[in-house]
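Have a look at the structure below before the remarks.
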Amino acid sequence: MGTRDKRVDAYIAKSADFARPILEHAREVVHAACPEVVETIKWGAPAFEYHGLLCGMAAFKAHASFGFWKHAMLLGREREPSAGMGSFGKLTSVKDLPGKRELTRLVKQAMKLNEQGVTKVREKGKAKPAPPMHPDFERALSKSRKAKACFDGLAPSHKREYLEWITEAKRDATRERRVEQAVLWLSEGKRRNWKYESC
């Protein structure tokens, strides 16, 4: 028998009005497809475990996300999600998710991969390329020796997190704020994610 976590209830309850039905629907489909699933919180958002991490979901200001841990094995590398967008892009309504039957099929397929002990593997030489360095970020880093040293010492995946966050800003003002925040975090030896660890 699976378990439900009160922290997930609380997370859904405090999410935006548009996000709650999406999270509730995804949660119910996962539980129906995998009665032994165990809920938890990982990286500050709801996650579902069954012989390892199965899938997770999150709510943001303007969208929600739902994604499988072994996304590429279920949906193919050509549909590799962008950071923070889960397996199905930015969700703003339940209709943005696959139908219940298809989502159930994917959950069951993900369960089989976990039962078989299949690990999430990235093909050698197929690392996701980082976006180019934005000129504003480059200028800001050049003015802070500490921040630049930290950025230069980051693993490629952690550099990519910063670069994507900055280049994906749609407004100049948003990008400027992100550049300023990135330089501050880097000067403190922090990665882009919320679990900041020293460089």
Side-chain angles (χ1 to χ4, degrees), residues 2-5 7-12 14-16 18-123 126-131 157-158 160-165 167-168 191-195:
T3 64
R4 291 183 184 251
D5 192 318
R7 295 173 298 167
V8 174
D9 294 329
Y11 184 97
I12 293 173
K14 71 177 183 182
S15 297
F18 80 88
R20 282 196 294 273
I22 300 169
L23 302 180
E24 288 167 354
H25 176 76
R27 184 188 200 187
E28 294 312 315
V29 170
V30 171
H31 276 277
C34 181
E36 296 170 18
V37 77
V38 174
E39 291 184 346
T40 187
I41 296 287
K42 284 193 179 291
W43 305 289
F48 303 91
E49 295 180 332
Y50 174 78
H51 295 279
L53 192 54
L54 189 70
C55 53
M57 59 188 188
F60 304 94
K61 287 182 181 177
H63 73 278
S65 68
F66 176 82
F68 292 99
W69 184 242
K70 295 183 174 109
H71 170 95
M73 295 178 192
L74 294 169
L75 297 164
R77 292 188 184 279
E78 65 279 359
R79 287 182 58 186
E80 194 72 35
S82 299
M85 292 191 210
S87 296
F88 307 104
K90 293 181 177 181
L91 309 173
T92 57
S93 80
V94 172
K95 292 178 182 177
D96 294 332
L97 283 167
K100 190 173 180 180
R101 180 181 290 179
E102 174 62 8
L103 197 55
T104 298
R105 184 189 70 77
L106 289 168
V107 171
K108 289 185 179 293
Q109 196 174 339
M111 288 168 61
K112 282 185 184 176
L113 290 173
N114 282 10
E115 287 168 356
Q116 294 165 358
V118 177
T119 55
K120 183 182 176 188
V121 179
R122 183 178 285 278
E123 292 175 36
K126 294 284 186 180
K128 185 179 177 183
S157 61
H158 296 127
R160 187 171 60 246
E161 288 171 357
Y162 269 116
L163 294 172
E164 286 177 345
W165 185 52
T167 58
E168 287 173 358
R191 295 180 183 174
R192 163 69 183 97
N193 66 36
W194 295 108
K195 291 193 175 260

In short, Pro21 meets Val94 closest at the heavy-atom pair O-CG2, 3.6 Å

Do the side chain of Lys108 and the main chain of Ala33 share a donor and acceptor less than 3.5 angstrom apart? yes

Nearest 0.5 Å please: distance from the CG atom of Leu91 over to the CZ atom of Phe60. 10.0 Å

Please report the interatomic distance OH(Tyr162) to CZ(Arg191), rounded to the nearest 0.5 Å. 10.0 Å

Residue pair Arg160, Glu168: steps toward the salt bridge (charged side-chain N to carboxylate O under 4.0 Å, His left out) verdict: CA-CA 12 Å; Arg160 187 171 60 246; Glu168 287 173 358; over 6 Å; no

Between Ser87 and Gly67 the two heavy atoms that sit nearest each other are OG-CA, 3.2 Å

Show the nearest heavy-atom pair for residues His25 and Leu97, with the distance to one decimal. CD2-CD1, 3.9 Å

Check this for me, if you would: do Lys112 and Glu115 make a salt bridge, where the nitrogen-to-carboxylate-oxygen distance has to be below 4.0 angstrom? no

Quick one about Glu36 and His51 (side-chain donor to acceptor, distance below 3.5 Å, no hydrogens or angles considered), yes or no? no

In the structure I gave you, are the side-chain heavy atoms of Ser15 and Leu23 within less than 4.5 Å of one another anywhere? yes

Between atom CD of Glu49 and atom SG of Cys55, what is the distance when rounded to the nearest 0.5 Å? 10.5 Å

Any heavy-atom pair between the side chains of Phe68 and Phe88 that's under 4.5 Å? yes

Which heavy atom of Gly52 sits nearest to which heavy atom of Asn114, and what is that distance? O-ND2, 3.5 Å

Short side-chain to backbone donor-acceptor contact, Tyr11 and Ala59, under 3.5 Å: yes

Give me the ring orientation class for Phe48 and His31: parallel if the planes are under 30° apart, tilted from 30 to 60°, perpendicular past 60°. perpendicular

Just wondering, do Leu103 and Phe66 contact through their side chains at under 4.5 Å, heavy atoms? yes

What heavy-atom pair brings Arg27 and Asp5 nearest, and what distance separates the two atoms? NH2-O, 3.7 Å

Pairwise side-chain contact, Val37 with Met111, heavy-atom cut-off 4.5 Å (strictly under): no

To the nearest 0.5 Å, how far apart are CG in Asp96 and NZ in Lys90? 12.0 Å

Kindly compute the distance separating CD1 (Ile12) from CD1 (Ile22), expressed to the nearest 0.5 Å. 11.5 Å

With a 4.5 Å heavy-atom cut-off, do Gln109 and Lys70 have their side chains touching? no

